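To start, the structure under review is shown below, and the notes come after it.
Computed from a predicted structure; not experimentally measured. Heavy-atom basis, side chains included; hydrogens, waters and symmetry copies ignored.
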Amino acid sequence: MDLRSAGLPMEAREGISSSPGDNEEYESLPPGASPLTHMMAGAVAGILEHTVMYPVDSVKTRMQSLQPDPNAQYRGVTEALKRIIRTEGLFTPLRGINVTMLGAGPAHALYFACYEKMKTTVGGMINHAGNSHVANGVAGSLATLLHDAVMNPAEVVKQRMQMYNSPYRSMLHCIQSVRRTEGIGAFYRSYTTQLFMNIPFQAIHFITYEFTQEQLNPQRQYHPGSHIVSGAIAGAVAAAATTPLDVCKTLLNTQENTALTSVHISGHLSGMLNTFRTVYQLGGVAGFFRGIQARVIYQMPSTAIAWSVYEFFKYFLTNRNNPSSR
């Protein structure tokens with residue numbers, strides 16, 4: 001997630017003094033700093049982002065079901081969590097969290113490292129000194145290609161384990177069953193849809209975050225409060241705007257049998273256009289916004305946590321590598 005002026009030439013960093021420690025931005029890494037700094041910070045932030053609010057993500061997956069079981073119809077997030085815990089057990093909302101952690105670490109490490117590199121490169125190509133919304137959006141979109149290539153199989157397993165009455169006993173059982181019955185391609189059946197969702201999500205997310213930071217933290221110093229608020233706002237806006245695509249992704253990942261059978265689809269649903277058509281058949285326009293409340297509730301604190309953790313680790317690792325900037 002943030003990722004501003006790291007790597008820019010010194011003359012392009014507005015407001016940065018040439019003397020160490022004098023108004024120097026913590027985000028400007030020492031010359032020649034390894035991308036490992038961004039990868040380490042990104043991995044920790046990504047794991048926390050996906051796990052801290054994981055029970056709400058489980059509710060979101062169930063609420064996006066287009067033909068839910070009568071026992072899995074919920075009025076709201078709180079009521080859903082209470083009922084799931086009461087009727088299915090305390091740890092049911094955490095089913096699939098292990099595969100999420102295994103995917104989120106490397107996915108976000110690649111994501112942040114790519115974002116930092118591409119933002120600097122794109123900013124240089126358009127000769128833009130300082131923060132550029134165009135560079136932020138392009139860099140976030142390109143970084144998403146790498147992130148989703150790693151994360152998509154984990155999403156498939158996670159969402160199948162989150163569904164009501166999931167037939168899978170464990171992460172390995174789910175992986176083996178899907179591979180045996182549907183083939184390796186099943187783990188990437190929703191990749192195109194996920195990209196179509198995540199590219200605008202990340203573009204909106206980064207642009208909103210950077211814009212909000214310009215208002216709340218114009219000096220671009222390490223300021224936890226501004227990172228949390230900016231991250232929450234960015235996450236809410238991006239999540240609400242891309243909910244229709246998330247509903248389609250969930251249907252592709254879960255291959256919800258009851259829903260597909262009701263519209264006479266045999267075999268496996270594939271293709272983004274087919275999925276859009278199926279969602280509309282099953283739920284009309286409102287179907288594209290199923291689970292929007294849970295998605296926004298999940299994304300706001302998750303994104304706030306990810307940004308604040310990422311910014312802290314970047315600040316900590318940068319200062320450790322460059323003690324004169326303290």
Check the pair F187 / V157 against side-chain contact (heavy atoms from CB on, under 4.5 Å), numbers first and verdict last.
CA-CA 8 Å; F187 294 105; V157 176; 3.9 Å; yes
Begin with the C-alpha distance, continue with both residues' side-chain angles, and end with the deciding distance and a verdict on ring-ring contact (aromatic ring centres under 6.0 Å, His included) for F206 and Y115.
CA-CA 10 Å; F206 279 109; Y115 177 85; 4.2 Å; yes
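Salt-bridge formation is not detected for the pair K82/E79: no Lys NZ or Arg NE/NH1/NH2 atom is positioned less than 4.0 Å from an Asp or Glu carboxylate oxygen. One finds no salt bridge joining R295 and D57 here, because no Lys/Arg side-chain nitrogen approaches an Asp/Glu carboxylate oxygen to under 4.0 Å. R83 has no carboxylate O lying under 4.0 Å from a charged side-chain N of E88, or vice versa, which leaves the two without a salt bridge.
Formation of a donor-acceptor pair under 3.5 Å by the Q255 side chain with backbone atoms of L269 is found in this model. Under a 3.5 Å cut-off, the side chain of Q213 and the backbone N or O of S226 do form a donor-acceptor pair.
Here the closest non-hydrogen pair linking V247 and G287 is CG1-O, 3.5 Å. For the residue pair C174 and R160, the shortest heavy atom distance occurs at SG-CB, 4.1 Å.
Sequence neighbours left out, the pairs with a member in residues 248-277 that pass ring pair (Phe, Tyr, Trp, His ring centres under 6.0 Å) are F276-F288.
Remark: Y191 pairs with Y188 by the ring pair (Phe, Tyr, Trp, His ring centres under 6.0 Å) rule, at least two apart or across chains.
Residue V229 belongs to a hydrophobic cluster whose other members are I204, L216, I233, V237, with links defined by side-chain heavy atoms closer than 4.5 Å.
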